[in-house]
Amino acid sequence: MTLTVVLAYSAYITWQIAGLRKLQSELIDRNRKDSLQLLRIQNDLNLLAVAMRDMIDNDEPYPLTAWSAQFQRIHTDLDDAMHLEAALAPTSRTGEQSAALGSSLAQFWDAVDRVFALANQGKEKDARAQIQLSLQARQAALSTAISRLLVQNSDNEEQAAQRVIQIYDRVQWEVYGFLGATLIAILVTGLSMIRWNRRLFARMAELSERRSELAQKLIAAQESTLRYISLELHDEFGQILTAMGSMLGRAGTHAPEGSSLREDLQEVRQIAQDTLDRVRSLSQALHPVMLDEAGLEATLDWYIPTVERQTGIAISYEKSGSAFDVDGSAAVQLYRVLQEALNNVARHSGAKRAWVRLRFLSGALELEVEDDGSGFSGRPAKQGIGLVAMRERSELMGGKIEFSTPAAGGTVVRLMVPRENIEFRDAR
């Protein structure tokens, strides 16, 4: 029934305001669009006036021919604006007005061509004289004509506004009556929408929680896989390469001194040692064994200078507060957040300096990474997977991570994790 009433009254109102719609679409909107084009033309004429003023300035170091490109750009924009304005011109404008405006503009550009022709012939003085005597006067006349058209459009708009007011006055009371009838229907519909939205938001919250849980499981699985590969590289391949190096060393001692075989064995032994170093470096990158053996602080003491050497970025590392032991799983998450933050500094910020601050507070652990790079304003607006992973890792520890750009520039990544969530507790 509500829909029936709405449809019936809508048909009536549509008939009542048909004239208003026609007036707005055919007169007011068209008049405003035409005024915008006239303002565009007026702006181009003002640019021409400024350019001509600079051209006749004796202190101007540029030759007149240097202004040709600017005049050509304005000429192109003016032609486009005039073409659009001609299609939007109100019916009240006479054909004589449009013809006179187009003729004046054509004469102006003919005069411009003559000025630049004189300038190309080296007659700078004559060209400046033509600007003062002819071009500036024609530009002023064009600006005056455009101003008159704008005033005419304003008058037309005021008349149309009066007609709109009359139409609105006629249907005003009818609308009031209909509003009273529809308020009840809106109230009922609104209550139904509230109920539906609550169910929808509850479903969205459930999906978001599942997504977060899945992301955390993926992170945990990733860390487990990286740790396994790291241990395999460190233990299995490391031992094999170490054994190869020892065997090659022993074999080299049995070869004659100065023989090519001895040199070849030494070369192969060096290759094995280099490979061993690379395997150990890769193992540390995948999952630093130091996290399990020495803890978070010692790992950061080793990792930050390593990044500094590899990237060439000067990194200042500060620790403050009374240190406490960090749980192993939390240490991995903190290390990964720092690793991703420093990777972003090296890859995207263009920074020369960075600061890493580890603060042991009474009730929390705070990790802060700051750089003097371009900040987020110089990067794509879309968040990468790295930032998303950092947020998920902070949520996994029950912490909060913030990304900000200070007034002085650069980027600050600040992670705050409650102490009770990450502090190591001996099971005994």
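A quick note: this is a predicted structure, and the numbers were derived from the prediction, not measured.
In this model, a donor atom of one side chain and an acceptor atom of the other lie less than 3.5 Å apart for H75 and D79. Using modelled atom types and a 3.5 Å distance limit, the side chains of Q333 and S329 yield no donor-acceptor pair. Donor-acceptor pairing under 3.5 Å is recorded for the side chains of Q339 and R336. Between R148 and T144, the side chains place no donor N or O within less than 3.5 Å of an acceptor N or O (distance only, hydrogens not considered). For the residue pair Q130 and D126, no side-chain donor N or O sits within less than 3.5 Å of a side-chain acceptor on the partner.
One distance of note links CG of L38 with CG of L150; it measures 4.5 Å at 0.5 Å rounding. Considering CE of M55 and CD1 of I131, their distance stands at 3.5 Å, rounded to 0.5 Å. With rounding to the nearest 0.5 angstrom, the CZ atom of R414 is 14.0 Å from the OG atom of S394. Annotation: the span from Q107 atom CD to L142 atom CG amounts to 9.0 Å, rounded to 0.5 Å. Taken to the nearest 0.5 Å, the CG atom of D371 stands 4.0 Å off from the OG atom of S349. Summarising the geometry, atom CZ belonging to F108 is positioned 9.5 Å from atom CD belonging to Q136; distances are rounded to the nearest 0.5 Å.
Surrounding NZ of K400 are at most 12 heavy atoms belonging to other residues, nucleotides or ligands under 6.0 Å away. Applying the 6.0 Å contact sphere to CZ of R359 captures more than 12 heavy atoms from other residues, nucleotides or ligands.
Taking 4.5 Å as the limit, every side-chain heavy atom of R198 sits out of range of all side-chain heavy atoms of F201.
We find that E366 and R357 are not joined by a salt bridge, their nearest charged nitrogen and carboxylate oxygen being 4.0 Å or further apart. Using a 4.0 Å cut-off between charged nitrogen and carboxylate oxygen, R128 and E124 count as a salt-bridge pair.
Listed by first and then second residue, the side chain to side chain donor-acceptor pair (under 3.5 Å) pairs that reach into residues 36-51 are Q37-R40, R40-D77, R40-D80, Q42-S147, sequence neighbours excluded.
Side chain of S103 to main chain of A99: no donor-acceptor pair is present (N/O by atom type, distance under 3.5 Å, no hydrogens or angles). Using a distance-only test at 3.5 Å, with no hydrogens or angles considered, a donor-acceptor pair links the side chain of N421 to the main chain of M397. For the pair E402 (side chain) and L415 (backbone), a donor-acceptor distance under 3.5 Å is absent.
Relative ring orientation between F116 and F71 is described as perpendicular, the plane-to-plane angle rising above 60° on a 0-90° scale split at 30° and 60°.
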